[in-house]
Number of protein chains: 2
Amino acid sequence: MRRPDARPLYMQVEAILKERIVSGAWVSGQALPAEPELAADLGVSAGTLRRALAELERRHLIERRQGRGTYVAQQTSERALGQFFRVRNLAGNPVEPETLITRVVTAPASEEDVECLHLSPGAEVHRIDRSRIFEGEPRIVERITLPAALFPGLSLPLAPEQLGTEIYVHYRYRHGIIVVRADEKLSATPASEEDAAVLGCAVGTPLLLIERVTFDAAGRAVELRVSRLDTRAHRYAVEIV
Amino acid sequence: MRRPDARPLYMQVEAILKERIVSGAWVSGQALPAEPELAADLGVSAGTLRRALAELERRHLIERRQGRGTYVAQQTSERALGQFFRVRNLAGNPVEPETLITRVVTAPASEEDVECLHLSPGAEVHRIDRSRIFEGEPRIVERITLPAALFPGLSLPLAPEQLGTEIYVHYRYRHGIIVVRADEKLSATPASEEDAAVLGCAVGTPLLLIERVTFDAAGRAVELRVSRLDTRAHRYAVEIV
DNA sequence: CGTCTTGTGTCTTATACAAGACCATGCAAA
DNA sequence: TTTGCATGGTCTTGTATAAGACACAAGACG
């Protein structure tokens, strides 16, 4: 096997398969060809292909089921919540948030937006202000900032049947953006008057401030999200390994 | 190959190797036998052994270096900081903390200790109060709680040459405890008078409260740590994948 | 100071069988 | 006839083996 590319073969295979998913050549939910067939197509052994598939599965780009086949992963609310939503109640159990969108505007990017999302100065962004509600109580206020270039004609889940749908599902199916990773920076901040009004707490109550930058499968920064979490009845959970 | 054990062979091999490390049969820094030799010893193929080794490396129990060999991982301050210390400055760079121990006592476990560390009521614990200092400024106050049964005759890094040594290094080399995982719960809390005195902030300043339970390679809860981080100049960083 | 040799982990291939899922067939019961 | 279900065939991924080429590190040797 010729290897003008310096990377190991299994990494090249992984990149090829990832490209097929990112480009939309293989759509969400679609079954991949069976391993022997795909390996023959790519001109590699089954073992090499399997190593590439294992890595793609680890990154949640595909799902494999013994006896059935390998499928391009689907983005669902359950998965988005399980993977990216780290809020737990005091018993340590996951909570199911409702969402209330309060404002959507399109505006020029701020300096912070330009830096975090690697935009060119003067680019436009969409801003979504919303609150998240656990068991009837508003517990998070947040602002989501999206590069307008990546989300043309931004459509949001506003219809009743979509209210329970996580926004990352919309990124995927409306805009073709596959969210795979996020960096978060956490700090503590006092509640502003607006925070206090929404969250029903005193002004100055310590809130957990979460600054998230989200990346898609192609490695682009696609979302900046600043959240304020009322931690009177909830915690942000992290597992360190 | 007989398999009365239901688990796949590579998992059984992984468990055997882990046991050899946890029990001390293979000590920290020691080179493992070469792969073909070890595979023959265990009566498995090289491929099966390599799969087990890959998992142990992922959990930081061994280190592999092409051309040199495979070694039982050593616990160093650098590794403990890199793996478990998530504080960054505002530029996003890691900080190098100094440590000031203010108080060490042995006392009966509280209810919270019993629950978090899975102790029997009435068990004793060591408590270590300390502060952590970044670039000359105290930024964290924390209390570490350890089951006395696991840390008999607790020895702490008090000598001058040990001041830069992370406490997990001592757990490993003084008490044979290999820290591999931690669960953290984060919230925001106002600074108490004592917090404010140490951190040089106003009473009521929002602090990031970190409640950590640490686990060793055998799966035991071995440490409860409650930290308060002053986030005026630092952040707690998380990567979500 | 290069070069060779030896020992190590890494990559790739090939083959075989195990285990899970699905489906068509066909028999038995209603 | 229709329904229900057991059975076996066949497709899938998962596990385990073996063998060889390759890349890297360290020490020996000229």
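In what follows, chains carry the letters A, B, and so on, assigned in the order in which the sequence lines appear, proteins first and then strands, with residues in each chain numbered from 1. Bear in mind the structure is a predicted one, so any value in this text is a computation, not a measurement.
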Gap between atoms CD and P, on A:E63 and C:dG20 respectively (whole Å): 19 Å
Nucleotide of C:dA18, D:dA23, C:dT8 approaching B:A34 most closely (side-chain heavy atoms): C:dT8
Residue mapping more 5' on DNA chain C - nearest nucleotide basis, A:R51 or A:R65: A:R51
For atom CG of A:L38 and atom P of D:dC11, their distance in whole Å: 18 Å
Residues that B:Y173 engages under side chain to side chain contact (heavy atoms under 4.5 Å, CB included), provided they are two or more places apart: B:S28, B:Q74, B:Q75, B:V169
Sugar-phosphate, base or nothing in reach of B:E35, heavy atoms under 4.0 Å: base
A:L9, nearest nucleotide to its side chain (from C:dT13, C:dG20, C:dT8): C:dT13
Listed nucleotide nearest any side-chain atom of B:S45, set D:dT13, D:dT17, C:dG9: D:dT17
Per A:T48 side chain, nearest of listed nucleotides C:dT12, D:dT13, D:dT15: C:dT12
Between C1' of C:dT10 and CE of A:M11, the distance in whole Å: 11 Å
More than 12 heavy atoms of other groups within 6.0 Å of A:Q30 CD: yes
Length of the line joining B:Q12:CD and D:dA16:C1', which is rounded to integer Å: 12 Å
A:R132 side-chain N/O to A:E96 backbone N/O, donor-acceptor pair under 3.5 Å: no
Distance in angstrom units between B:Q66 CD and C:dG9 P, rounded: 10 Å
Distance, rounded to the nearest Å, where B:I62 contributes CD1 and C:dT8 contributes C1': 14 Å
Sugar-phosphate, base or nothing in reach of B:R50, heavy atoms under 4.0 Å: base
Side-chain N,O (A:T70) to OP1/OP2 (D:dT12) below 4.0 Å: no
Any B:R68 side-chain N or O less than 4.0 Å from OP1/OP2 of D:dA26: yes
Aromatic contact, A:F151 with A:H126 (centres under 6.0 Å): no
Nearest-nucleotide pick for B:Y10, side chain only, options being D:dT15, C:dG9, C:dC11: D:dT15
Among D:dT13, D:dA16, C:dC22, the one nearest A:R64 by side-chain distance: D:dT13
Rounded distance in Å - CD (A:E37) to P (D:dT12): 8 Å
Separation of atom CG in B:L49 from atom P in C:dT10, rounded to whole Å: 11 Å
Under 3.5 Å donor-acceptor, A:T76 side chain and A:R79 backbone: yes
